[in-house]
Amino acid sequence: MHLDRLLLSAMATTLQSTSTTTKNGIHWFRRGLRLKDNPALIAAIEQNPKSLYPVYCLDGDSYNLRHCNALRANFLVECLQDLDHRLRERGSRLFVVSGDPVKKLPQLWEDWNIDFMTYDQDETGELYATQRDENIGKLAKKGNTNVELIAIASETLHPLHAYVSTSGKKALPISMRGFETLLQRTGPIAQPFEEPTCLPCPDSSIADNLYQVPKKATDLPWPRNTPRNQVTPIWGAEDCKNLTPIVQGGETHALQQLKSNLILKPKYVATYSKPQTSPTALTPSTTGLSPYLSSGCVSPRTVWWAIQEAVKKSNVKNPTKPPVSLEGQLLWRDFNYLMAHSAGENWRQMEGNKYCRHVPWDDDRVLLNAWKNGQTGYPWIDACMMQLKTEGWIHHLGRHAVACFLTRGDLWQSWEQGALHFESHLLDADYALNTFNWLWLSCSGFFYQYFRCYSPVAFQKKKDPSGMYIRKYLPVLAKLPDKYIYEPWKAPIADQKAAGIRIGVDYPKPIVEHTQISKENMSKMAAAYEAVKKAAGVDGPPKKKKQKTQKQSKIKF
DNA sequence: CACACGTTGGCTAG
DNA sequence: CTAGCCAACGTGTG
């Protein structure tokens, strides 16, 4: 069922010369919304079908559609429209159906007399996707149905099962360093597949106005038609106003962006260092490719090889290296996927998640909503949250700041809540990456130095002393002098008046006092860590103190 | 067991 | 601008 690369190339050589068969096939687009480096689509073409139907199934759970906001919904629509357009250029088209794929696909198998179905294998371990694919697998062999399923993993540099088998009986690494070793042992990264120049036609008797791609987000059937919907969506035409997404959806834009922000900037690529990129830049200082990777408009292997070529072309003597280099960002991505895969169905939550420490977070809706709505009284935090709302993106370091603030730093709210909010708002929302980063920032897993805490005032001052970023995303503060832009509550009444603002009325006073509360929270973290150790049942003699001679001489009983 | 190190901290003294 | 400290971390290697 799961073809590997070798088998696929063998098929390519044996099948290409044979004449068209009488088979009919579906290529089921789920995540990889692209033609380039889409091995499952290539596999479909190499079956030489009489008819091939490219299908996308709009359901509430894939793409987190049930909970996503207008920005994300728009982005998906753009991806589908572009895909349809590119398919039509190659003699085909996209067929969009609405509803649960487990119900809809078997119907299509019957209607179109389908013999095989190809799709990108989902290895994330996400419960919804795993169950969906298991159910499809069962139905494909049920009764008179005999649909051959061909699934190929192509959303990571190596298939995750390759990492697992390389690792063998050894536990998977839970650090980036360990992962780098594993990646090297797993072998070289495969070259991407070229995009097909033409595709087998679907049955031309199907009317063009059937299975059409939605034209705008408000056309989407979800979540209006689902009783399971718990969250009020914001997809009305009103809600689509004043949104300025950082990128437009679709493979065409993805490849343009890859070219302009990466291929044509070899020196930028070769000297890229993630921690040096600026979270306060008014246009992204990073490549802006993340939404395309998360939706599968571009494959990680395509990006990986573009990076290799750019670095070579740059002639930079000492190009940056993982984990900070651009290549390193893709390594992080695979590492995160591997962890999600290994964690299984509890990945998104604290309970039962083997990579997540138990921390007794509070559940305070007032604080949570203040954070969500950019009303914490800390301009840097609030500006980030407003950028998320209007553009669907925040720089990685901005995400660090707001995630730390919500969890261990200041508000002591569960990372799960923050992760949910991000998932519904980020154009690059990604099951594996989003959770990994929340675990990291909340010091629940993979990162443990909870005594390193971001200040909601100090960190970004270095990069943006006059607060241009804040002025853009919080226009209410735009006229404040530089001196108070990060701490408006310190502005004297006269300055507030001059800036046309009253702190506490037009913009809130800080909802917590950072200096004090972050210290308290560190103690809470220490206690939580201690409790985890105790629960692990480490009996016997207490851990020896570090032999720092100076310190020991000072500490007396 | 010891040790080095970890993609991106803050603060203060010099 | 940099070094060193801060109560407080764990992983992976040797």
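The sequence lines fix the lettering, A, B, ..., with proteins before strands; numbering per chain opens at 1.
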Out of [options], which has the shortest distance to the side chain of [X]?
{"X": "R452(A)", "options": "dG12(C), dT7(B), dT8(B)", "value": "dT8(B)"}
{"X": "P173(A)", "options": "dC9(C), dG12(C), dG10(B)", "value": "dG12(C)"}
{"X": "Q329(A)", "options": "dT8(B), dG12(C), dT7(B)", "value": "dT7(B)"}
{"X": "R177(A)", "options": "dC5(B), dC9(C), dG10(B)", "value": "dC5(B)"}
{"X": "I174(A)", "options": "dA7(C), dG12(C), dT8(B)", "value": "dG12(C)"}

Contact class for [X] vs. all strands (heavy atom < 4.0 Å): base, sugar-phosphate, or nothing?
{"X": "R357(A)", "result": "sugar-phosphate"}
{"X": "F451(A)", "result": "base"}
{"X": "P279(A)", "result": "nothing"}
{"X": "K170(A)", "result": "nothing"}
{"X": "S523(A)", "result": "base"}
{"X": "M525(A)", "result": "nothing"}

I'd like the C1' distance from dA2(B) over to dA7(C), given in whole Å.
22 Å
Nearest-angstrom distance, P atom, dT7(B) to dT2(C)
23 Å
Tell me whether [X] is salt-bridged to [Y], with the criterion being a basic N under 4.0 Å from an acidic carboxylate O.
{"X": "D120(A)", "Y": "R30(A)", "result": "yes"}
{"X": "E155(A)", "Y": "R34(A)", "result": "yes"}
{"X": "D428(A)", "Y": "R72(A)", "result": "no"}
{"X": "K490(A)", "Y": "E487(A)", "result": "yes"}

My understanding is that a pair needs two contacts under 3.5 Å, Watson-Crick or G-U wobble. By that rule, which nucleotide pairs with dA8(C)?
none
Counting only Watson-Crick or G-U wobble pairs whose two distances fall under 3.5 Å, which nucleotide matches dT2(C)?
dA13(B)
Whole-Å distance between dT8(B) C1' and D464(A) CG?
17 Å
Length of the line joining Q516(A):CD and dC11(B):P, which is rounded to integer Å
15 Å
Can you tell me if K389(A) and N373(A) form a side-chain donor-acceptor pair at under 3.5 Å?
yes
Validation row, ring centre F436(A) to ring centre F335(A) under 6.0 Å
yes
Is the W332(A) to W440(A) ring centre distance short of 6.0 Å?
yes
Residues touching DNA chain B, which here means a heavy atom under 4.0 Å, drawn from residues 180-189 of chain A:
none
Quick one: is dA8(C) close enough that its OP1 or OP2 comes under 4.0 Å of any side-chain N or O from K524(A)?
no
Phosphate OP1/OP2 of dG6(B): any S175(A) side-chain N/O under 4.0 Å
no
Exactly one of I263(A), L330(A), T302(A) clears side chain to side chain contact (heavy atoms under 4.5 Å, CB included) with I307(A), and that residue is L330(A)
Strictly below 4.0 Å, heavy-atom distances to any atom of DNA chain C: list the hits from residues 437-449 of chain A, or just say none.
Y448(A), Q449(A)
Could you label the plane-to-plane angle of the F422(A) and W371(A) rings as parallel, tilted or perpendicular, counting under 30° as parallel and over 60° as perpendicular?
parallel
Looking at Y529(A), does the NZ or CZ of R357(A) lie under 6.0 angstrom from its six-membered ring centre and within 45 degrees of the ring axis?
yes
